[in-house]
Number of protein chains: 2
Amino acid sequence: MSKQLTASPFRSREERSREREEKREAVLLAAVRLFNARGYHAASLDDVAASLGISKPTIYHYLGNKEQVLVECVNRGLAMLRAAADDAMRAQGSGFDRLRAFLCRYAKINMDDFGRCVIRTSDEVLSMDSATRFRARKREIDAAVRDLIAQGIADGSIAPVDVRFASFALAGALNWPARWHDPDGPLAPEEIAERLVDVVMGGLTPRA
Amino acid sequence: MSKQLTASPFRSREERSREREEKREAVLLAAVRLFNARGYHAASLDDVAASLGISKPTIYHYLGNKEQVLVECVNRGLAMLRAAADDAMRAQGSGFDRLRAFLCRYAKINMDDFGRCVIRTSDEVLSMDSATRFRARKREIDAAVRDLIAQGIADGSIAPVDVRFASFALAGALNWPARWHDPDGPLAPEEIAERLVDVVMGGLTPRA
DNA sequence: TAATCAATATACTGATGAGTATATAAAAGA
DNA sequence: TCTTTTATATACTCATCAGTATATTGATTA
């Protein structure tokens with residue numbers, strides 16, 4: 001397979017489809033940033049287009065409609081969370097350690113553009129169909145958190161807390177930065193994640 | 001002063017101004033419920049009016065404009081939080097006990113119509129002026145939480161945690177029900193509040 | 001009783017914004 | 001070279017919704 005040596009204005013089929021994919025991603029990134037900054041309803045696709053120096057029909061060329069733009073953004077975030085959950089379930093070590101590692105990643109994702117969008121999107125803005133899928137995928141993540149807590153309790157690394165309410169509390173504490181964290185502020189996502197997880201894991205540590 | 005003995009269609013001045021106040025409150029309650037259910041932008045004042053069987057100009061007769069409706073709703077919630085914070089600061093007992101009592105009340109307020117509105121309203125939807133005031137009042141509540149934690153650490157009833165991050169975690173854990181709690185669901189606000197506070201206070205208990 | 005005020009409605013204006021019809025130009029394929 | 005496809009734009013339509021102009025009715029006050 002010969003790779004092209006000089007930059008040419010004539011692209012191969014793969015190059016073209018990769019370019020298309022890149023443009024799609026650029027649209028999604030611009031959109032999610034505006035959605036996060038102003039809220040889904042207050043952010044218009046005209047604004048999204050303007051922020052990329054393109055026109056609205058171009059967005060429709062790459063994505064079906066406004067809701068689908070949101071759905072794709074949310075899917076990006078959910079995929080990251082899902083991957084983190086899968087890794088945690090496959091990891092070895094005590095339940096406590098695996099939960100801890102997972103929560104750090106979870107908290108950081110919630111400060112990422114697409115992760116924030118997952119948290120900030122409430123299902124009323126979605127069509128009934130999308131909302132159902134959205135809830136189901138979030139429930140999977142929540143199930144992983146509960147599994148990890150239960151496993152930790154079983155192996156003695158986590159105090160025998162109420163699993164359901166512990167997962168509510170953990171989720172709340174680690175979702176909340178999606179609403180207040182300022183990416184341009186002095187606190188780095190890593191630091192917030194670590195410190196928050198330190199505090200919340202304190203409550204799960206078995207008493208001596 | 002003679003009180004009226006028979007129901008009359010002729011109201012006294014106080015009765016009239018009380019009625020006016022009642023109507024204002026009814027508008028706010030209907031509005032906050034729709035704002036919470038659909039989001040501020042998606043809930044129109046026409047819908048709010050329809051839910052009360054009145055017309056939109058009537059809302060404008062009692063309240064200036066849509067933003068002011070929201071601001072009044074948020075103020076109702078903030079007033080409840082403020083009262084809870086004041087009581088906590090005046091209460092006696094260890095820092096731990098006072099914080100615990102305050103947090104229970106805080107969590108319950110966050111499941112009340114107006115309390116939910118405080119949590120669900122992000123300042124981008126407000127005018128710059130209102131947003132500034134809103135942030136300031138929320139900061140007061142947060143300061144009370146930090147004070148209580150610090151006092152608990154000082155009197156030894158709370159473990160020497162990072163005050164700032166502990167308050168972030170507590171707020172997140174107890175704000176989150178404002179986004180998922182279903183008033184018609186099986187879990188009563190009281191129970192959610194108690195159990196959540198149990199879990200989160202575990203992390204603040206000094207180790208033996 | 002005349003003048004005013006309070007409470008309410010109907011019917012409008014004007015802006016915004018989602019989504020579309022249509023044109024164009026360039027590239028790809030036949 | 002002719003045709004089709006892809007990427008993009010301009011300029012619309014149509015719906016929604018905040019906010020207003022104006023009318024009406026009944027009670028209050030002078």
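Chain A is the first sequence line, chain B the second, and so forth, proteins listed ahead of strands; every chain is numbered from 1. Both backbone and side-chain heavy atoms feed into the values below; hydrogens, waters and symmetry mates do not.
Of the residues in residues 56-72 of chain A, those placing a heavy atom less than 4.0 Å from an atom of DNA chain C are A:Lys56, A:Pro57, A:Tyr60, A:Asn65, A:Lys66, in numerical order. A heavy-atom distance below 4.0 Å to DNA chain C is reached by these residues of residues 37-47 of chain A, ordered by number: A:Ala43, A:Ser44, A:Leu45.
Under the rule for a salt bridge (Lys or Arg N to Asp or Glu O under 4.0 Å), B:Glu190 has no partner lying at least two apart in sequence or in another chain.
Distance check, rounded to the nearest 0.5 Å: CZ of A:Arg179 to OG of B:Ser122 gives 5.5 Å. The distance from the CG atom of A:Asp162 to the CZ atom of B:Arg195 is 4.5 Å, given to the nearest 0.5 Å.
The residues B:Asp123 and B:Arg133 are annotated as not salt-bridged, no charged nitrogen and carboxylate oxygen being separated by less than 4.0 angstrom. Taking 4.0 Å as the cut-off between side-chain N and carboxylate O, B:Arg116 and B:Asp112 do not count as a salt-bridged pair.
Note on ring orientation: taking the six-membered ring where Trp is involved, the planes of B:Phe165 and B:Phe168 are perpendicular (angle over 60°, cut-offs 30° and 60°).
For A:Lys23, a side-chain nitrogen or oxygen approaches OP1 or OP2 of D:dT8 to under 4.0 Å. Side-chain N/O atoms of B:Arg20 include one lying less than 4.0 angstrom from OP1 or OP2 on C:dA7.
Proximity of B:Phe114 to B:Asn75: side-chain heavy atoms (C-beta onward) are nowhere separated by under 4.5 Å.
When only modelled atom types and interatomic distance are considered, A:Arg98 and A:Gln92 share no side-chain donor-acceptor pair under 3.5 Å.
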